[in-house]
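Some notes on the structure that comes next.
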Number of protein chains: 2
Amino acid sequence: MSNGHEKKTRLRDPERTRKRLLQAAFREVHRSGFQNAGINTILEATNVTKGALYHHFDSKEALGYAVVDEIVTKIVRDGWLSPLLGSGQPIDILIGIVRRISVRPDDIRTGCPLLNLATEMSPVDEQFRKRLERIFLAWQEGVAALLRRGQSEGTVRCDLNPEESASFLVAMVEGYASLAKNAQDAQVWEVGIRNIVGWLRSLRAPRQSPKGGRPMSKKHVVRRAR
Amino acid sequence: MSNGHEKKTRLRDPERTRKRLLQAAFREVHRSGFQNAGINTILEATNVTKGALYHHFDSKEALGYAVVDEIVTKIVRDGWLSPLLGSGQPIDILIGIVRRISVRPDDIRTGCPLLNLATEMSPVDEQFRKRLERIFLAWQEGVAALLRRGQSEGTVRCDLNPEESASFLVAMVEGYASLAKNAQDAQVWEVGIRNIVGWLRSLRAPRQSPKGGRPMSKKHVVRRAR
DNA sequence: CATTTGACATACCGACCAGTATGTACGTTA
DNA sequence: TAACGTACATACTGGTCGGTATGTCAAATG
């Protein structure tokens, strides 16, 4: 009579309730920051009661940690880590990813959730900090791995340090996102994208001219070592 | 009998009281963010009473605005705008400024006050946003003006857009500051500095070799226009 | 000297907030 | 069907918050 997943999922669907709470919590935290996020706001947005929320999460902190672990992590995975694994020339992949970052006014307005949380919580709550750091490191490592692949394939300059170039990229993306958020202006972001893309192009290995090209030695490329 | 500025400044020195409130408010806001900053914390830090505070400032917001206008503005002026006006080669000046940015653990930990406030308040309070934007724009314009000077003197590549290069620099500085703050690690910041300095060096005009140097055309330099 | 005004001090208020105590109803299991 | 644990719902608490009403006292002003 009752197959596993009926639409009787109206009442008593704990997994669904939990996910809805997480989503609403993410939105509220993204809007107001974690410390300023209101439990009641989340409850009103979901039509869930306080008892239900505290049944699923031990505390506001636990809810916040779950938002980082499950929602923010997924956003970075979908937006960066997964695309990084695609086939094609590494630099082209990176340019494609950067260009595909949302320019919707509301996303410009509220900014990068990872950066927002890190800015607010890293100095204050070590558990938050560690979780966010793991995401940042995974992001950088993913980019670095792709650059290394490009180096071994000969499409990326071999005189650069993949890890440092990766963090350079992350810093630029977050820096421009901050400027655009403050200006509340998508154009600021678009200018940033153009400059980031220009920098990414400079990472390409110089064309192997048949007669033996010169090394083009002096340009800025985040070199290896000190 | 009473020269203007005696040391009787113990009781009833409204200007001093005001400045002390502003300083304490800045510290508290820097630590906790504006919305989470506690009025009582500021009062305890200054041994000033609530009545005194609300005599000098109409509201918490007014206090916050004053902090931005008087303290944060001064920090950027002292750290960037004034040094930008010095004599010497523009790129050397910029490198000197960037290198002189604090690496004290506590400053890494709490991050850039301008960026913190912008991240927290820009989407939420237009008055805050505008004040912070003015500071960002003054910062960028100061750098751009210096780059233009360098171009006219021939020490800075003339094929770059000064405004875009300036915002590129600001974005990188703030981006790395964010990464270092999340990592709570001054080394992250120092690596960032090295890379920023490397990029700054790439903005120098190529040496005018006596026989007519080649233009070194392909490196990334935030070019003019689109 | 009398009065007023600026610079505080104290006590208090209502709103809001995270968290909890307690109750209830569904659904599975024995 | 009886019992029990999960999944909620409601009402409440203690504490903190920004803000205010009111009072005091010193110094300038007439």
Side-chain angles (χ1 to χ4, degrees), chain A residues 1-25 28-29 31-67 120-121 124-125 127-128, chain B residues 1-25 28-29 31-67 120-121 124-125 127-128:
Chain A
M1 191 61 76
S2 72
N3 69 23
H5 295 274
E6 272 293 316
K7 74 168 161 197
K8 213 224 278 252
T9 30
R10 292 281 161 64
L11 249 43
R12 300 276 155 151
D13 186 341
E15 290 198 18
R16 188 176 121 90
T17 303
R18 206 189 105 98
K19 296 240 151 143
R20 286 178 57 230
L21 282 171
L22 277 178
Q23 274 299 336
E28 167 68 359
V29 167
R31 256 201 295 278
S32 312
F34 175 76
Q35 309 189 71
N36 209 255
I39 294 285
N40 290 326
T41 308
I42 297 168
L43 299 178
E44 283 161 22
T46 50
N47 283 320
V48 167
T49 61
K50 203 168 273 195
L53 189 152
Y54 279 95
H55 170 73
H56 287 282
F57 302 96
D58 286 346
S59 64
K60 190 188 177 187
E61 280 72 35
L63 175 59
Y65 300 153
V67 165
E120 179 191 4
M121 299 306 294
V124 164
D125 184 308
Q127 297 219 58
F128 259 108
Chain B
M1 191 59 75
S2 73
N3 71 23
H5 296 275
E6 273 292 316
K7 76 170 159 194
K8 208 219 278 232
T9 29
R10 293 278 161 66
L11 248 45
R12 301 273 152 154
D13 186 340
E15 291 199 17
R16 190 176 119 89
T17 303
R18 207 190 105 97
K19 295 241 150 136
R20 287 177 55 230
L21 282 171
L22 277 177
Q23 274 300 334
E28 167 69 358
V29 168
R31 256 200 295 279
S32 313
F34 175 76
Q35 310 189 70
N36 207 254
I39 294 283
N40 290 326
T41 308
I42 297 169
L43 299 178
E44 283 161 23
T46 49
N47 282 319
V48 166
T49 60
K50 203 169 273 195
L53 189 152
Y54 279 94
H55 172 71
H56 288 282
F57 302 96
D58 287 346
S59 64
K60 190 188 178 188
E61 280 72 35
L63 175 60
Y65 300 154
V67 165
E120 179 190 3
M121 300 306 294
V124 163
D125 183 309
Q127 297 220 58
F128 259 108

Inset, instruction - State whether a side-chain donor-acceptor pair under 3.5 Å links B:D125 with B:Y65. - result: yes

Legend entry - Closest-nucleotide ordering on DNA chain C, the 5'-leading residue of A:D58 and A:T41: A:T41

Legend entry - 5′-ward residue of the pair A:I39/A:G51 relative to DNA chain C: A:I39

Which whole-number value in Å describes the distance from [X] [atom1] to [N] [atom2]?
X	N	atom1	atom2	answer
A:Q35	C:dC17	CD	C1'	14 Å
A:Y54	C:dG19	OH	C1'	5 Å
A:N36	D:dG18	CG	P	11 Å
A:I42	C:dG19	CD1	C1'	14 Å
A:R20	D:dA7	CZ	P	16 Å
B:E44	D:dC17	CD	C1'	13 Å
B:F57	D:dT20	CZ	P	16 Å
A:L43	C:dC17	CG	P	11 Å

Looking at [X], does any N or O in its side chain come under 4.0 Å of the phosphate oxygens OP1/OP2 on [N]?
X	N	result
B:N40	D:dC17	yes
B:H55	C:dA7	yes
B:T17	C:dA7	no

Inset, instruction - Answer yes or no: side-chain N or O of B:K50 and base N or O of D:dG18 forming a donor-acceptor pair under 3.5 Å. - result: yes

Legend entry - Nearest-0.5 Å distance that lies between atom CE in B:M121 and atom CD in B:E61: 7.0 Å

Inset, instruction - Using a 4.0 Å heavy-atom cut-off across all strands, classify B:E15 as base, sugar-phosphate, or nothing. - result: nothing

Tell me which nucleotide among [options] gets nearest to the side chain of [X].
X	options	value
A:T49	C:dG19, D:dG18, D:dC8	D:dC8
A:A52	C:dG19, C:dA7, D:dA9	D:dA9
B:P14	C:dA7, C:dA18, D:dG18	C:dA7
A:H56	D:dG18, D:dC8, C:dT20	D:dC8

Inset, instruction - Could you tell me whether a side-chain N or O of A:S32 sits under 3.5 Å from a main-chain N or O of A:V29, the two making a donor and an acceptor? - result: no

Inset, instruction - Ignoring hydrogens and angles, tell me if any N or O in the side chain of A:K50 forms a donor-acceptor pair with the backbone of A:I39 under 3.5 Å. - result: no

Inset, instruction - Check whether NZ of the Lys or CZ of the Arg B:K60 lies under 6.0 Å from the centre of the six-membered ring of B:F34 and within 45 degrees of that ring's axis. - result: yes

